[in-house]
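Residue numbers count from 1 along this sequence. Since this is a predicted model, take the numbers as computed values, not measurements. Atoms within a ligand are numbered from 1 in the order they appear, just like the ligands themselves.
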Amino acid sequence: MDTIKFANGKQLPLEMHKVRIVQKLGLPPVERRLEAVNEAGNNTFLLTNRDIFLDMLTDSGVNAMSDNQLAAMMVADDSYAGSATFTRLEDKLREIFGTQFFLPAHQGRACEHILALTFIKPGNVIPMNFHFTTAKAHFTRMGGVVEELVVDEGRKPVSDFPFKGNFDLDKLRALIKKEGAGNIPFIRIESGTNLIGGQPLSLENMLAVSKIARENGIITVIDASLWQDNLFFIKKREEACRNMTTREITRAMADAMDIIYFSARKLGAARGGGMCMRSKELCERMKELVPMFEGFLTYGGMSVREMEAMTVGLEETMDEDVISQGPQFIEYMCNELDRQGVPVILPAGGLGCHLDALRFLPHVPQTQYPAGALGAALFIAGGIRGMERGTISEQREPDGSERLAEMELLRLALPRRVFTLSQVEYAIDRIVWLFRNREIVGGLKFVEEPSVLRFFFGRLAPVDDWQEKLARRFRADFGESL
Ligand SMILES: *Cc1c(COP(=O)(O)O)cnc(C)c1O
């Protein structure tokens with residue numbers, strides 16, 4: 001759990017595993033990187049893997065599996081109904097969360113789809129600490145309105161507050177009073193909070209939200225996709241939980257919630273998802289949608305191999321050595337960048353390192369998408385693929401006006417146990433270089449803009465020739481010897 005001490009005083013994260021399978025990487029020259037980013041419409045989602053050196057787009061479905069996970073995949077039972085693989089997964093979820101019922105789904109957003117169809121009516125308000133793109137898209141599609149109630153600290157890029165994902169409980173009480181419990185189908189608790197930098201909630205805050213919800217007869221729904229990191233932070237930062245085991249903390253969280261849903265592309269380090277609940281009635285309300293949209297009730301659109309890997313992955317999530325790896329590498333990356341003056345979200349959260357584009361590129365107006373521009377620039381500078389989490393990731397208002405994001409972040413995900421420390425050092429080096437040359441970087445404009453989830457397929461172009469200038473500066477500084 002704690003970082004290992006080095007005699008030379010260095011504070012380095014240490015891998016508590018060895019690498020046994022590798023994938024070769026290539027680093028194309030800067031000319032190709034410039035070309036590739038333009039072929040991709042300056043949208044890192046549209047880059048192809050052969051052009052990418054370090055893929056820090058996401059932690060979704062790309063975490064390194066353990067030997068035990070791979071071994072379990074070989075014993076999967078592929079019966080369409082009544083598969084032993086499903087029973088093993090269901091038993092593991094019962095053991096960890098103490099929930100009797102499990103509905104499988106092919107990934108996290110599929111759970112959000114089912115939740116939205118089951119519970120949300122036009123005009124309903126759904127309080128949450130912070131929205132997530134797919135959750136918001138599903139909820140608003142059904143006519144729901146999302147209300148974000150994260151504590152003010154959560155919106156500050158730099159803070160020493162340990163739980164920036166916490167709910168502001170006063171705001172939650174006030175909203176329930178204003179809307180009336182009848183207009184609130186459920187409260188959605190996201191642990192940890194993806195879009196503000198993978199920031200955790202405390203167990204204390206989750207319990208308080210649950211208490212308020214129960215007093216008002218409102219259902220609590222926790223998005224536990226990033227629970228692995230949140231669990232680590234509770235264990236490490238929450239005084240009252242110091243002496244609790246990871247299992248005890250997990251159980252305390254689960255006992256306070258009515259529905260637990262998750263993307264197993266993150267939690268469980270496989271590919272899939274599902275929803276757990278104690279109440280048969282809640283399960284019955286959602287059950288029929290699983291075979292309609294996902295697959296039969298014993299696989300829900302998942303491959304049985306992935307389900308076996310997930311069962312083992314969930315067990316490994318209870319191991320402190322396993323779950324500390326991600327946050328320790330992220331903390332190292334964030335602190336090194338901070339030390340060299342690069343604006344990052346602090347304290348370091350889970351999921352990845354988040355560059356604060358508003359402070360990195362203060363000269364790029366928000367209407368020219370600074371986080372998107374920073375993503376394109378970093379790809380040119382280092383063949384590193386990040387993900388824009390700013391205005392491009394928002395949806396336009398119903399009247400077509402731009403909704404400017406509160407934060408403009410470039411997320412550099414560190415999929416769990418995938419990158420080595422020297423790769424992280426390379427990323428730090430290229431980011432610092434880019435920061436020293438930040439005045440060259442300009443904005444972007446849309447050339448193709450889909451109306452829904454535009455960050456996935458939208459295409460943009462630089463507002464002028466800043467990208468050629470950046471590539472020229474790179475060539476001048478690093479020469480041709482790539
Ligand atoms: C990734 C993620 C989701 C969506 O999960 P998918 O499996 O990608 O559909 C939902 N919520 C959070 C917090 C996530 O990080």
Side-chain angles (χ1 to χ4, degrees), residues 45 55-63 103-117 126 128-141 146 148 150 154 164-167 186-201 206 220-233 253 257 259-276 290 293-295 300-303 306-307 309-310 313-314 317 323 326-327 330 345 349-352 354 386-389 393 409 411-416 452-453 455-456:
F45 277 101
D55 192 356
M56 298 186 168
L57 183 77
T58 180
D59 62 333
S60 177
V62 288
N63 299 293
L103 296 174
H106 79 275
Q107 62 183 101
R109 69 200 64 184
C111 304
E112 290 159 350
H113 180 212
I114 292 172
L115 288 166
L117 290 177
I126 304 101
M128 49 187 76
N129 41 351
F130 212 78
H131 83 278
F132 183 68
T133 50
T134 53
K136 185 171 180 178
H138 276 295
F139 298 173
T140 52
R141 185 172 164 270
V146 164
E148 291 170 333
V150 75
K164 289 166 76 177
N166 275 359
F167 272 80
F186 56 81
I187 299 173
R188 175 177 172 277
I189 297 126
E190 187 175 307
S191 70
T193 349
N194 190 323
L195 297 192
I196 57 169
Q199 296 292 329
L201 289 88
M206 288 181 213
T220 45
V221 176
I222 191 162
D223 177 346
S225 302
L226 302 178
W227 176 246
Q228 160 163 353
D229 301 328
N230 204 133
L231 179 58
F232 169 81
F233 290 122
M253 174 280 281
M257 299 295 149
I259 297 173
I260 302 164
Y261 81 89
F262 59 95
S263 165
R265 300 178 66 85
K266 293 124 188 198
L267 184 67
R271 293 158 197 94
M275 289 187 277
C276 302
V290 174
F293 292 109
E294 299 301 305
M302 284 184 274
S303 116
E306 296 291 340
M307 282 160 63
M310 191 171 146
L314 286 164
T317 301
I323 64 174
I330 293 163
I345 297 298
L351 219 166
H354 295 72
M387 187 193 291
E388 194 268 2
R389 296 274 84 158
S393 297
L409 304 182
R411 179 178 89 187
L412 300 168
L414 294 190
R416 297 168 189 92
V452 180
L453 297 175
F455 64 93
F456 277 141

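- A donor-acceptor pair is defined here as one N or O able to donate and one able to accept, closer than 3.5 Å; such a pair exists between the side chain of T193 and the backbone of Q199.
- Residue contact annotation: R271 has no non-hydrogen atom under 4.0 Å from ligand 1.
- Protein heavy atom nearest atom 6 (P) of ligand 1, with residue, atom name and distance: Q107 NE2, 3.2 Å.
- Close approach of ligand 1 to S263 (heavy-atom distance below 4.0 Å) involves ligand atoms 5 (O), 6 (P), 7 (O).
- Considering backbone and side-chain N/O of R109, one or more are found under 3.5 Å from N/O of ligand 1.
- Residues satisfying the side-chain contact (heavy atoms from CB on, under 4.5 Å) criterion with A309, sequence neighbours excluded, are M65, Q69, M73, A270.
- Cation-pi geometry between R109 and Y261 is not met: the NZ or CZ atom fails to fall both under 6.0 Å from the ring centre and inside 45° of the normal.
- Near E112, meaning under 4.0 Å from one of its heavy atoms, ligand 1 places the atoms 10 (C), 11 (N).
- A side-chain contact (heavy atoms from CB on, under 4.5 Å) with I259 is found for one member of I222, D223, L115 and no other, namely L115.
- A side-chain donor-acceptor contact under 3.5 Å links S303 to the backbone of E306.
- Here the heavy atom of the protein found nearest to atom 3 (C) of ligand 1 is F132 CE2, 3.4 Å.
- Annotation: E190 places no N or O atom under 3.5 Å from an N or O atom of ligand 1; distance criterion only.
- Without hydrogens or angle criteria, N129 side chain to E190 main chain gives a donor-acceptor distance under 3.5 Å.
- Considering backbone and side-chain N/O of R188, none are found under 3.5 Å from N/O of ligand 1.
- Annotation: Y261 places no N or O atom under 3.5 Å from an N or O atom of ligand 1; distance criterion only.
- Not a single N or O atom of A110, backbone or side chain, sits closer than 3.5 Å to an N or O atom of ligand 1.
- The backbone N or O of G108 lies less than 3.5 Å from no partner atom in the side chain of R265, so there is not a single donor-acceptor pair.
- Within ligand 1, counting atoms from 1 as listed, the ones closer than 4.0 Å to a heavy atom of K266 are 1 (C), 2 (C), 3 (C), 14 (C), 15 (O).
- Remark: ligand 1 and D223 share an N or O pair separated by less than 3.5 Å (distance only, no angle test).
- Under the 3.5 Å distance criterion, with hydrogens and angles disregarded, no donor-acceptor pair is assigned to the side chains of Q107 and S263.
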